[in-house]
Participant: 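Provided herewith is a single structure, encoded as structure tokens, for subsequent inquiry.
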Amino acid sequence: MSQVSPRGTYLQVSESLRQQIESGDVGDALPSEAALMSSHGVSRNTVRRALKVLEADGVVESAPGIGWRVVRGGDRRSLAERMTDLLTEDSLSVGDTYPSEARLCERFGASRTAVRRVLAQMEGNGLLATIHGKGRTVRALPAPIVRP
């Protein structure tokens, strides 16, 4: 990796890994964190941040005791896209209750940390609001995406 980068180095590492996965250069299991540190010339923290980006996007998953493995097949949308699309898929309206963190973790097979990160992003974008004691409610619906 270059020493000076306008983008976060962890993002460069995550994109490099994503390309290797998409091209088939990586099998079902990713190399160890130590091997990734060596091959990319970065710290363990940088590798872990890159892996968390890929995990949030549903590209890889952590397998305790095994390491990181590639998620094959299934929905390739990012967790943020899937959680935002949940508003229309479940026909939620403004004021409706958004599913709990526990239900979202179960539904998407994601960690609580990843779910909380996306929920914070959705709140920041004005889609959700947190009401103390009641959970999260839909504040606004996403703008429809027009595809040519």
Side-chain angles (χ1 to χ4, degrees), residues 1-22 26 28-34 36-37 40-147:
M1 293 281 125
S2 66
Q3 297 291 41
V4 180
S5 168
R7 282 182 78 197
T9 305
Y10 75 99
L11 293 173
Q12 291 180 348
V13 173
S14 70
E15 283 306 308
S16 172
L17 288 171
R18 185 185 313 270
Q19 289 171 359
Q20 291 175 12
I21 290 167
E22 289 174 357
V26 176
D28 287 339
L30 290 178
S32 67
E33 288 180 1
L36 292 171
M37 289 169 45
H40 292 282
V42 296
S43 69
R44 183 175 302 274
N45 189 47
T46 300
V47 167
R48 287 184 175 164
R49 287 183 72 187
L51 291 169
K52 288 294 181 185
V53 167
L54 294 175
E55 179 182 36
D57 288 346
V59 177
V60 299
E61 64 185 359
S62 175
I66 297 171
W68 291 88
R69 63 180 176 208
V70 177
V71 176
R72 301 283 182 201
D75 197 346
R76 300 296 287 180
R77 294 176 296 164
S78 70
L79 182 60
E81 289 173 316
R82 292 184 288 161
M83 286 176 59
T84 302
D85 289 347
L86 183 66
L87 295 168
T88 52
E89 290 170 3
D90 287 1
S91 302
L92 296 175
S93 301
V94 174
D96 288 348
T97 303
Y98 194 76
S100 68
E101 289 177 6
R103 288 199 178 205
L104 293 167
C105 291
E106 183 180 316
R107 182 170 182 167
F108 297 114
S111 69
R112 188 170 290 255
T113 302
V115 166
R116 284 183 176 166
R117 188 177 300 133
V118 173
L119 287 170
Q121 181 183 0
M122 291 175 74
E123 287 179 12
N125 291 338
L127 297 175
L128 299 178
T130 301
I131 300 174
H132 185 69
K134 297 204 177 207
R136 290 178 180 84
T137 59
V138 178
R139 185 170 168 197
L141 298 175
I145 298 172
V146 178
R147 295 190 177 141

Participant: Are Leu86 and Leu104 packed together at the side-chain level, in the sense that at least one heavy-atom pair is separated by less than 4.5 angstrom?
Facilitator: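 Contact flag for Leu86/Leu104 side chains = yes.
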Participant: Are Leu17 and Val60 packed together at the side-chain level, in the sense that at least one heavy-atom pair is separated by less than 4.5 angstrom?
Facilitator: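 Leu17 does not reach Val60 side chain to side chain.
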Participant: Can you find a pair of side-chain heavy atoms, one from Leu54 and one from Trp68, that are under 4.5 Å apart?
Facilitator: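 When only atoms from C-beta onward are counted, Trp68 and Leu54 do not touch, as no gap falls below 4.5 Å.
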Participant: Can you name the side-chain hydrogen bond (donor to acceptor under 3.5 Å, both in side chains) partners of Arg112, sequence neighbours left out?
Facilitator: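 Only Glu101 meet the side-chain hydrogen bond (donor to acceptor under 3.5 Å, both in side chains) criterion with Arg112.
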Participant: So Ile21 and Arg18, side-chain contact (heavy atoms from CB on, under 4.5 Å) or not? Walk me through it.
Facilitator: CA-CA 5 Å; Ile21 290 167; Arg18 185 185 313 270; 5.8 Å; no
Participant: Please name the pair of heavy atoms, one in Arg139 and one in Val94, separated by the smallest distance, quoted to 0.1 Å.
Facilitator: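 Scanning both residues, the minimum pair turns out to be O-CG1, 3.6 Å.
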Participant: Is there a side-chain contact between Val47 and Val42, using heavy atoms and a 4.5 Å cut-off?
Facilitator: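 Sidechains of Val42 and Val47: in contact.
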Participant: Between atom CG of Leu141 and atom OG1 of Thr84, what is the distance when rounded to the nearest 0.5 Å?
Facilitator: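 One finds 11.5 Å between CG of Leu141 and OG1 of Thr84.
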Participant: Looking at every non-hydrogen atom in both residues, tell me the closest pair between Val53 and Ser14 and how far apart they are.
Facilitator: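 Nearest pair, atom of Val53 first, then Ser14: CG1-OG, 3.9 Å.
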Participant: Kindly indicate whether the side chain of Pro142, heavy atoms from C-beta on, has any atom under 4.5 Å from the side chain of Leu127.
Facilitator: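 They are in contact (side-chain heavy atoms under 4.5 Å apart), so the answer is yes.
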Participant: Would you say Leu51 and Leu30 make side-chain contact, with heavy atoms under 4.5 Å?
Facilitator: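 Yes. Closest side-chain heavy atoms under 4.5 Å.
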Participant: Can you tell me which residue among Arg49, Glu15, Lys52 is in a side-chain contact (heavy atoms from CB on, under 4.5 Å) with Tyr10?
Facilitator: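 That would be Arg49; it is the only one of Arg49, Glu15, Lys52 passing the side-chain contact (heavy atoms from CB on, under 4.5 Å) with Tyr10.
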Participant: Are a donor atom and an acceptor atom from the side chains of Ser62 and Glu55 found within less than 3.5 Å of each other?
Facilitator: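 Not at all, the side chains of Ser62 and Glu55 share no donor-acceptor pair under 3.5 Å.
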Participant: For Ala80 and Gln121, work out which heavy atoms get closest and say how close.
Facilitator: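 Looks like CB-OE1, 4.0 Å.
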Participant: Please determine whether the number of non-hydrogen atoms from other residues, nucleotides or ligands lying under 6.0 Å from atom CD of Gln20 exceeds 12.
Facilitator: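 Yes.
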Participant: Please tell me if the side chains of Gln12 and His40 come closer than 4.5 Å, counting only heavy atoms from C-beta onward.
Facilitator: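 No; the side chains remain at least 4.5 Å from each other.
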Participant: How would you list, by chain and number, every residue that makes a side-chain hydrogen bond (donor to acceptor under 3.5 Å, both in side chains) with Asp96, sequence neighbours excluded?
Facilitator: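 Checked Asp96 against side-chain hydrogen bond (donor to acceptor under 3.5 Å, both in side chains); zero matches.
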Participant: So, for Glu33 and Arg48, which heavy atoms are closest and what is the spacing to 0.1 Å?
Facilitator: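 Looking at all heavy atoms of both residues, the shortest contact is OE1-NE, 2.9 Å.
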Participant: One pair to check against side-chain contact (heavy atoms from CB on, under 4.5 Å): Arg107 and Arg82. What are the steps and the verdict?
Facilitator: CA-CA 10 Å; Arg107 182 170 182 167; Arg82 292 184 288 161; over 6 Å; no
Participant: Please confirm whether the backbone N or O of Asp85 pairs with a side-chain atom of Thr88, one donor and one acceptor, at under 3.5 Å?
Facilitator: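 Indeed, once roles are kept as given, a pair shorter than 3.5 Å links the two residues.
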Participant: Applying side-chain contact (heavy atoms from CB on, under 4.5 Å), run through Leu36 and Val13 and close with a yes or a no.
Facilitator: CA-CA 9 Å; Leu36 292 171; Val13 173; over 6 Å; no
Participant: Could you report the tightest heavy-atom contact between Cys105 and Val115, atom names first, then the distance?
Facilitator: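 In this case the closest contact between Cys105 and Val115 is SG-CG2, 3.8 Å.
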Participant: Could you tell me which non-hydrogen atom of Leu92 sits nearest to which non-hydrogen atom of Pro99, and how far apart they are?
Facilitator: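 Taking Leu92 first and Pro99 second, the nearest heavy atoms are CD1-CD, 4.4 Å.
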Participant: Could you tell me if the side chain of Leu119 sits less than 4.5 Å from the side chain of Met83, heavy atoms only?
Facilitator: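 Met83 reaches Leu119 side chain to side chain.
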Participant: Around Arg103, counting heavy atoms of other residues, nucleotides and ligands shown, do more than 12 lie under 6.0 Å from its CZ?
Facilitator: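 Not more than 12 within 6.0 Å, no.
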